[in-house]
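First the structure, in the form of structure tokens, and then the observations on it.
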Amino acid sequence: MIECEFQKLKRKRFIQFTIVAATLFPIPLTAVMLKDKLPFKNLFRSMFFFGDLLFLPCVLGILASMLFFMERDNDTLKNLLTIPISRTGILLVKLLVLLILSVIYSVAGLGATLVGGILVKGVEQVPQYLLCSIFAGVLVFLATLPAIAIVIICNKNYIFSILLSFVYAIIGFLIANSMASEVGTPGIFISAFPIPLVFRWYIGFFSLGEQFSYLLPYELSTLPVFAILVVIGIICSIIAVIFYKHEEG
Amino acid sequence: MLNIVKCEFEKLKRYSILWTGVVGVLVSVVYAVLQIQTGIGKETEGMGFEVFNQVVIWNNFSLVFPSIIMLLGGFLINREYTDNTLKAVLTASVSFRKLLFSKLITTGILTVLFAIFSFLCTFIAAVLVLHFNDITLVLIETSFIQICGNAFSNFLAVAPLIAWFSRKQNGFWAGVGIAFVYGICGTFAAGRYLADFYPITAGFGIIGYGGNEGAEVFHPIIGCAVLALMVVLTIVIVFFAPPYDEAMATPSGRNNKKGRLINERNHH
């Protein structure tokens, strides 16, 4: 079923476009790092911040609307149901496809960042960065599941879904940005929103040093972040399954 | 041309897409309020309406306006493809180029309207939420000019993207993604003495934007030249817009034998 979904996605140029976009993002960031004479770790941090925390949730929201509305628009859901494949199965497979694409996007971004790293120098601990990118792909997917669930539940048009994804991603990014820039001090409740949680995991994953000591209270290790996001993901998936099952065929 | 633009506004009444602009503007202002509120009492003590206005402009160009403008412009043109009304417009002896120009003008007017809405939200938030007592008539006037000027320069910077990605049905979705990144990259350019050369931030010198705590000096002449270049680029792209048949061909139609035969037959 996953293979079938990927076969269908071959027709959607947007998928190839977003993967290319992931590799293009580090180009301006590399130029900035070169100008400011900053090492690879800063380049990776910027890529994580803008690519994974801001751009990836937007992309996942758009991909989700494409994957789910594709069956509705082409009136192919009934064909799948007569095979027979359950609605729950279809939904879970599509979510799994989104997870795989999220990891691919994150790792592709790392690949392009490593190329930029040759210019800015200081590339080391590549396996750790790779692990971080894979984790980031998984965690950002889980963090975006609430928005994806709303897209499925509302079952509206593309504009609504894309707007929702953008607003969700921007709000999450802005909260993380408030923490990072030391301008804002969001409370525990706000900083526990899914996307800011991924940022809190990142600052726990990499030791940021004395310069960022103000971020110490926000640090979280992998296990609690993963546990919280999995719980959020499961709840959102269950709600999405319930609505998807009762949707008019 | 004026009649076509008027028609576009008539059509706009039916589209809920305008809400994206409203939400975008509100997100920008609300975040600016939060930035100011959490910033007071720290190193930025003494912030007033002037700083708030600059924060709103910064949020507008980096997060909201480029992608919203691309979405609106692209959507307006794309509806002619998806609703299959392009042929009806063309039979009313309105050329594809003229149609594209009128859509771009409509998008420009909409951008200014959203900028006015952004200014109103900024002013209301400054008075009712932040309770600034340094608001003078000069500051209000400056804020209005700067917010509207910045939004319009954003429109000019994005116009080539709208023209390019509207040459094909549904092509504008990719344009929205690019415009989003294009806006964010403006934050890197603005902090590194490249604002005049980067189209999104080229308007800073023209509107007299305060910038990075006055550290960066903007050059209006360079900004004007960059934006003029964007206008020329837009005109060139529209001038070389594909013929109707090619524009209407779907990707699958162009790539398979049947599609090619249909296109060839239409050309003959």
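Note on naming: letters A, B, ... go to the chains in the order of the sequence lines (proteins, then strands), and numbering restarts at 1 for each one.
Under the side chain to side chain contact (heavy atoms under 4.5 Å, CB included) rule, A:Phe166 has a single partner from B:Ile68, B:Leu71, B:Val176, which is B:Val176.
Among A:Ile171, A:Val32, A:Leu174, A:Val167, the residue making the largest number of heavy-atom pairs under 4.5 Å with chain B is A:Leu174. Chain A forms the most heavy-atom pairs under 4.5 Å with one residue out of B:Tyr31, B:Phe75, B:Phe188, B:Phe180, and that residue is B:Tyr31.
B:Leu63 touches chain A through backbone and side chain together, each having a heavy atom under 4.5 Å away. Looking at B:Val64, neither its backbone nor its side chain comes within 4.5 Å of chain A, counting heavy atoms on both sides. In this structure, chain B has no heavy atom under 4.5 Å from any part of A:Ile62.
Here the CZ atom belonging to A:Phe50 is positioned 5.0 Å from the OG1 atom belonging to B:Thr187, to the nearest 0.5 angstrom. Of the inter-residue distances, the one linking B:Ser62 atom OG with A:Ile170 atom CD1 reads 9.0 Å to the nearest 0.5 angstrom.
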